[in-house]
Novice: 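A single structure is presented below for examination.
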Amino acid sequence: MSLLPLFHWFNNTALSAAMRDSTSAFAVIEMLHLLGLAMLGGVVLIVDLRLLGVILPSRPADRIARDLAPFLKGSLVVMVLSGIPLVSGEVMKCYYNGAFRLKMLFFALALGFYFGVHRRITRSAFVSGWAPRLVAGVSLALWLSVGVAGRAIGFL
Amino acid sequence: MSLLKICQWINDTGPATALRESEIAFPIVESIHVLAITLMAGTVSIVDLRLLGIVLKKEPVSQVAGQVLPLTWTGFAVMAISGAMLSAAEAVKLYTNPAYRIKLVLLVLAGLNPMIFHSTVYKSVSAWNDWPRPPVRARVAAICSLTLWTAIIVSGRAIAYYH
């Protein structure tokens with residue numbers, strides 16, 4: 001099934017029209033998107049580097065992950081809520097943009113991996129050994145891919 | 001020699017011209033500059049949130065600062081090198097850019113903040129290392145840091161809109 005009809009619909013929404021008409025909305029919302037990136041990236045780095053044993057090795061990894069989880073989820077909410085209007089301003093450009101497609105793919109994988117695997121590992125007793133290191137490595141690679149593909153949208 | 005002349009000279013050097021005219025190098029350096037936000041501002045904000053008593057309350061302040069701030073400094077080095085390259089490549093254009101000027105002032109303030117923090121309240125960290133909520137002067141430093149880095153990201157992004 002093609003997603004083209006969905007993008008056509010999105011392109012005809014009031015939000016899309018408003019974003020195209022405004023000269024400053026895109027800039028302001030993009031700043032929020034960047035601030036969300038800083039926070040999300042910071043939390044992901046701290047938690048995953050702890051799982052890898054690079055930082056805070058003497059402090060419990062599960063507690064650090066649990067403690068920072070609200071900020072991870074909060075910054076995800078900021079990124080999605082700012083990302084939707086950003087896409088709405090250039091819906092069809094995004095549809096045909098290879099970097100955007102890759103970013104959405106990596107984002108879905110990163111999100112699924114976080115809620116399906118990463119969170120289970122940091123909530124379980126298995127926070128030592130090779131499993132948390134593997135999970136942290138995959139997590140870092142996925143989120144970095146989301147970021148790189150996201151930056152590339154503007155270059156294509 | 002005026003500042004504008006210096007910018008003009010930097011702008012016209014070989015490496016600056018090569019970077020400005022490269023269709024591959026410039027976007028790569030710019031992407032590194034943007035994504036290193038996570039390593040620099042993202043990690044320092046975790047330390048700030050610890051100083052505010054919002055996250056990692058059970059971990060000693062000195063451990064959080066000691067283990068996380070080296071990441072921040074690594075991020076800062078990446079930001080400074082890539083930022084200097086981007087600045088050199090567009091030195092003349094940036095000279096009159098108001099967002100760029102504001103960003104430079106904010107960067108100086110953001111640099112002063114940890115210098116003041118480490119030479120004052122942080123010196124007595126052993127006395128409040130385990131406090132879930134550190135003393136008010138530490139919390140003030142954290143709020144200054146969070147505010148400054150937010151403003152730096154915002155002004156940094158604004159540079160492109162004045163181009």
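Keep in mind the model is a prediction, meaning the values are calculated, not measured. Every chain is numbered from 1, with letters handed out A, B, ... down the list of sequences.
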Novice: Chain B heavy atoms under 4.5 Å from V43(A): which part of the residue, side chain, backbone, both or neither?
Specialist: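 V43(A) touches chain B through backbone and side-chain heavy atoms alike.
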Novice: Can you tell which part of I64(A) gets under 4.5 Å to a heavy atom of chain B, answering side chain, backbone, both or neither?
Specialist: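 Interface part for I64(A): both.
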Novice: Would you kindly confirm whether V78(B) and V47(B) end up in one hydrophobic cluster when ILVMFWY residues are joined by side chain heavy atoms under 4.5 Å apart?
Specialist: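 Different clusters.
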Novice: Could you tell me which portion of V28(A) (side chain, backbone, both or neither) has an atom closer than 4.5 angstrom to a non-hydrogen atom of chain B?
Specialist: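 Neither the backbone nor the side chain of V28(A) comes within 4.5 Å of chain B.
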Novice: Less than 4.5 Å to any heavy atom of chain B: does that hold for the side chain of L49(A), its backbone, both, or neither?
Specialist: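 It is the side chain, since no backbone atom gets that close.
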Novice: Between these two chains, chain B and chain A, I want each donor-acceptor atom pair under 3.5 angstrom written on its own line with its distance.
Specialist:
unit_1	atom_1	unit_2	atom_2	d
E30(B)	OE1	R151(A)	NH2	3.1
L56(B)	N	D67(A)	OD2	2.2
K58(B)	O	R59(A)	NH2	3.1
E59(B)	OE1	R59(A)	NE	2.7
E59(B)	OE1	R59(A)	NH2	3.4
E59(B)	OE1	R63(A)	NH2	2.9
E59(B)	OE2	R63(A)	NE	2.9
E59(B)	OE2	R63(A)	NH2	3.2
Q63(B)	OE1	S58(A)	OG	3.2
Q67(B)	OE1	L56(A)	N	2.5
R157(B)	NE	E30(A)	OE1	3.1
R157(B)	NH2	E30(A)	OE1	2.8
R157(B)	NH2	E30(A)	OE2	3.4
Y161(B)	OH	E30(A)	OE1	2.6

Novice: So what's closer than 4.5 Å to chain A heavy atoms on L39(B): side chain, backbone, both or neither?
Specialist: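 Looking at L39(B), backbone and side chain both touch chain A.
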Novice: Would you mind telling me which of V64(B), V44(B), V34(B) has the largest number of heavy-atom pairs within less than 4.5 Å of chain A?
Specialist: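 Highest number of heavy-atom pairs under 4.5 Å: V34(B).
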Novice: Side chain, backbone, both or neither: which part of V68(B) has a non-hydrogen atom closer than 4.5 Å to chain A?
Specialist: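 The side chain, not the backbone.
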Novice: Holding to side chain to side chain donor-acceptor pair (under 3.5 Å), I want the full list of residues that pass it with Y100(B), two or more places apart in sequence or in another chain.
Specialist: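 Side chain to side chain donor-acceptor pair (under 3.5 Å) check on Y100(B) returns S87(B).
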Novice: Got a sec, which pairs hit salt bridge (Lys or Arg N to Asp or Glu O under 4.0 Å) with one end in residues 33-47 of chain B, sequence neighbours left out?
Specialist: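 Output for this query is empty, none listed.
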Novice: Would you give the length of the straight line joining atom CE of M39(A) to atom CD1 of I153(B), rounded to the nearest 0.5 angstrom?
Specialist: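 The CE atom of M39(A) sits 10.5 Å away from the CD1 atom of I153(B).
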Novice: Please state whether the side chain, the backbone, both or neither of A158(B) comes within less than 4.5 Å of a heavy atom of chain A.
Specialist: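 Looking at A158(B), backbone and side chain both touch chain A.
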Novice: Which bit of L45(A) is near chain B, if near means a heavy-atom gap under 4.5 Å: side chain, backbone, both or neither?
Specialist: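 Side chain of L45(A) only, per the 4.5 Å heavy-atom cut-off to chain B.
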Novice: Same hydrophobic cluster for F107(A) and L81(A), using side-chain heavy-atom links shorter than 4.5 Å among ILVMFWY?
Specialist: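 No, separate clusters.
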Novice: Apply ring-ring contact (aromatic ring centres under 6.0 Å, His included) to F26(A) and list each qualifying residue two or more places apart in sequence or on a separate chain.
Specialist: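 Applying ring-ring contact (aromatic ring centres under 6.0 Å, His included) to F26(A) gives none.
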Novice: Run L34(A) and V154(B) through side chain to side chain contact (heavy atoms under 4.5 Å, CB included) and show every step you take.
Specialist: CA-CA 8 Å; L34(A) 268 182; V154(B) 167; over 6 Å; no
Novice: Flag yes if I143(B) and I46(B) sit in one hydrophobic cluster, no otherwise; membership is Ile, Leu, Val, Met, Phe, Trp, Tyr, and two members link when side-chain heavy atoms are under 4.5 Å apart.
Specialist: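 Yes, it is one cluster - the side chains of I143(B) and I46(B) are joined through contacts under 4.5 Å.
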Novice: Look up atom CG in L56(B) and atom CG in L56(A), then write down how far apart they are to the nearest 0.5 Å.
Specialist: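 Reported to 0.5 Å precision, the distance equals 7.5 Å.
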Novice: Do L86(A) and V78(A) share a hydrophobic cluster (ILVMFWY, side-chain heavy atoms under 4.5 Å, transitive)?
Specialist: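 L86(A) does not cluster with V78(A).
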Novice: Is there a path of hydrophobic side-chain contacts, each under 4.5 Å between heavy atoms of I, L, V, M, F, W or Y residues, that connects I6(B) with M85(B)?
Specialist: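 Hydrophobic grouping puts I6(B) apart from M85(B).
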Novice: Who wins among P60(B), G66(B), P70(B) for the most heavy-atom pairs under 4.5 Å with chain A?
Specialist: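 The answer is P60(B).
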Novice: Evaluate whether atom CD1 of I24(B) has more than 12 neighbouring non-hydrogen atoms of other residues, nucleotides or ligands under 6.0 angstrom away.
Specialist: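 Check fails, neighbour count at 12 or below.
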Novice: Just how far is it from atom CG of L144(A) to atom CG of L35(B), taken to the nearest 0.5 Å?
Specialist: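 One gets 7.0 Å once the value is rounded to the nearest 0.5 Å.
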Novice: Measuring heavy-atom distances to chain B, does P70(A) have an atom under 4.5 Å in its side chain, in its backbone, in both, or in neither?
Specialist: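 Contact with chain B involves no heavy atom of P70(A) at all.
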Novice: Nearest 0.5 Å please: distance from the CG atom of L37(A) over to the CD1 atom of I37(B).
Specialist: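 If we round to the nearest 0.5 Å, L37(A):CG and I37(B):CD1 are 6.0 Å apart.
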